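Have a look at the structure below, then the notes.
One-based numbering, in listed order, for ligands and for the atoms of each. Note that the structure is a prediction, hence the values are computed from the model and not measured.
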Amino acid sequence: MKIGIDKIGFFTPHLYVDMAKLAQARNEDPNKYLIGIGQNKMAVIPPTQDAVTLAANAAAKVLTVEDKEAIDLVIVATESGVDNSKSTAAYVSELLGLSHEIRTIELKQACYAATAGLQLAKGHIALAPDKKALVIGSDIARYGLKTPGEPTQGGGAVAMLVSKDPKLVTLEAESAYYAKDVMDFWRPLSQTEAKVDGKFSANIYLEFFEKVYQDYLAKTGLKLTDFSALLFHLPYTKQGLKGLRKALEGVDPTVASHYYNEFEASRKYNMATGNLYTGSLYLSLLSLLENTDTLKAGDRLGLFSYGSGAQGEFFSGRLQPNYKEALTYQTSEMLEMRAEVSVAEYEQIFSAILTDDHDRKLDISKDPAQFVLAGIKDFKRQYLKK
Ligand code: HMG
């Protein structure tokens, strides 16, 4: 049975900061952020959006009434969870109006967790082929103002509907994974910003890529040219480019140029958004599908998922007939409709994050999203569908 990704929905809030202007404000050469980091805009997340609302807004973009009736498993992967006990998925399922005869769960392993969700959903559909599973990666990437990690912040959510006979990509059976306890990036329970050993994390990411990519090739007997494109977790797009360069070492330049071209298509949306943590790899997949001119049905995509701490996985998928017709092409418009904020406004919004659970009402009038966080009352988050 073919199982895989039937639909992908993406949401990021309506605000962004320009990376060249941020670089100027930080006394850096703009090209360090634009080329060295590989980001041109960074999503700015208002206090009225959190992991729950981002996830609900992403899923609402693609789910039909029929999809909602068929979903009996909701997995939300996040490292920006809003409660130590109740899962983000419980809130999201209710906001979306899903059935109550359903399993809801939140998964965590840094940026890797949505891949774990996808693999679990695949197993679920193998046992229940007439059902559908909703897998969402939803996060807000925060390192702190004026830190080296600052230009790699961002946020948003990617929702994937997993089913049999999917319209976009089938997931192949083989996969290679590797885990090791590494302190490259983490966020202690008391902190709203991540701790990171930046250069170390970038090197560990590449080590894990080489390990799982080579393991995958050894297991399957496949070679580079059996893939039509390679996709990467993109904490910032230069990091994925470094991974791709590793895979292309010693490869004929005319062959390599094809992979570099597909990579450009796959990083377009990520460059304009920043790190989505769990959603980054899947935003890159959406970016590739909507922006490539050359990929066709049956083409194999290789995907590298990485989560600090650390977990890596390399797996593959095949493009389905008419996959282009199954895409909604809403992303470019959503990204272009966003409003730019100045660096000073971004700093103010960044610092307005909720750091306690006291009663409050938030001003939701300026947030055009369908699902918003309206405040907190008696330690309960107050979500609204507008
Ligand atoms: P930095 O140390 O300020 O930057 O922060 P740098 O000095 O290394 O410069 C960055 C690049 O810009 C370099 O290129 C420079 O040469 C280049 P590279 O050597 O890397 O190829 N550069 C220029 N290029 C063009 N024109 C110029 C110019 N100036 C400099 N004028 C760092 C960089 C990544 C360390 C920092 O942003 C950081 O700590 N980021 C957060 C950590 C991170 O994203 N790590 C990635 C791997 S870990 C991961 O992916 C997991 C994660 O998503 C979390 C999770 O799993 O949940 C993070």
Side-chain angles (χ1 to χ4, degrees), residues 19-20 22-40 42-43 51 77-81 106-117 137-158 177-188 191-212 231-246 267 270-271 273-284 303-314:
M19 292 302 277
L22 182 62
Q24 274 153 3
R26 301 294 181 249
N27 290 319
E28 296 281 7
D29 181 340
N31 281 339
K32 173 172 172 181
Y33 289 5
L34 299 173
I35 300 166
I37 297 285
Q39 294 298 135
N40 54 33
M42 186 169 85
T78 184
E79 50 185 298
S80 317
E106 179 174 313
L107 290 185
K108 176 167 68 186
Q109 177 34 62
C111 301
Y112 166 77
T115 301
S138 180
D139 273 303
I140 302 171
R142 291 173 63 90
Y143 293 93
L145 302 175
K146 301 176 185 165
T147 61
E150 183 182 35
T152 68
Q153 297 178 143
V158 177
Y177 30 85
Y178 184 72
K180 195 173 170 189
D181 182 359
V182 181
M183 292 305 281
D184 61 331
F185 164 108
W186 67 105
R187 184 162 68 84
Q191 302 293 305
T192 52
E193 277 89 55
K195 302 284 173 201
V196 65
D197 190 339
K199 296 269 160 48
F200 177 59
S201 72
N203 290 334
I204 289 282
Y205 169 114
L206 293 177
E207 260 179 47
F208 271 55
F209 168 64
E210 287 203 281
K211 167 83 182 124
V212 293
L231 289 152
F232 292 83
H233 165 55
L234 296 178
Y236 49 97
T237 71
K238 175 72 166 291
Q239 181 70 39
L241 183 59
K242 287 184 184 179
L244 181 62
R245 284 179 182 155
K246 288 249 171 240
R267 72 164 159 172
N270 302 68
M271 284 182 93
T273 317
N275 198 350
L276 256 60
Y277 289 162
T278 46
S280 290
L281 170 62
Y282 301 100
L283 177 60
S284 179
L303 296 94
F304 172 59
S305 180
Y306 177 77
S308 287
Q311 176 74 52
E313 179 161 345
F314 189 90

With F208 via ring pair (Phe, Tyr, Trp, His ring centres under 6.0 Å) - residues at least two apart: Y178, Y306

Compute the centroid of each ring, for Y177 and then for Y112, and state whether the two points are separated by less than 6.0 Å. no

Sub-6.0 Å ring centroid separation between Y205 and F304: yes

Distances for all N or O pairs of ligand 1 and the protein under 3.5 Å?
unit_1: ligand 1; atom_1: 2 (O); unit_2: K199; atom_2: NZ; d: 2.9
unit_1: ligand 1; atom_1: 3 (O); unit_2: K32; atom_2: NZ; d: 2.8
unit_1: ligand 1; atom_1: 4 (O); unit_2: K32; atom_2: NZ; d: 3.4
unit_1: ligand 1; atom_1: 8 (O); unit_2: K199; atom_2: NZ; d: 3.2
unit_1: ligand 1; atom_1: 14 (O); unit_2: K238; atom_2: NZ; d: 3.3
unit_1: ligand 1; atom_1: 20 (O); unit_2: K242; atom_2: NZ; d: 2.5
unit_1: ligand 1; atom_1: 21 (O); unit_2: K238; atom_2: NZ; d: 2.8
unit_1: ligand 1; atom_1: 31 (N); unit_2: D29; atom_2: OD2; d: 3.0
unit_1: ligand 1; atom_1: 37 (O); unit_2: P148; atom_2: O; d: 2.8
unit_1: ligand 1; atom_1: 40 (N); unit_2: T152; atom_2: OG1; d: 3.4
unit_1: ligand 1; atom_1: 45 (N); unit_2: S201; atom_2: OG; d: 2.8
unit_1: ligand 1; atom_1: 50 (O); unit_2: H233; atom_2: NE2; d: 3.3
unit_1: ligand 1; atom_1: 53 (O); unit_2: H233; atom_2: NE2; d: 2.8
unit_1: ligand 1; atom_1: 53 (O); unit_2: N275; atom_2: ND2; d: 3.1
unit_1: ligand 1; atom_1: 56 (O); unit_2: C111; atom_2: N; d: 3.1
unit_1: ligand 1; atom_1: 56 (O); unit_2: S308; atom_2: N; d: 2.8
unit_1: ligand 1; atom_1: 57 (O); unit_2: E79; atom_2: OE1; d: 3.2
unit_1: ligand 1; atom_1: 57 (O); unit_2: E79; atom_2: OE2; d: 2.5
unit_1: ligand 1; atom_1: 57 (O); unit_2: C111; atom_2: N; d: 3.1

Trace of the salt bridge (charged side-chain N to carboxylate O under 4.0 Å, His left out) decision for E79 with R187: CA-CA 9 Å; E79 50 185 298; R187 184 162 68 84; 6.0 Å; no

The residue among N275, L22, T273 that forms side-chain contact (heavy atoms from CB on, under 4.5 Å) with M42 is L22

Determine whether a donor-acceptor pair (N or O, by modelled atom type, separation under 3.5 Å) exists between the side chain of D139 and the backbone of S80. yes

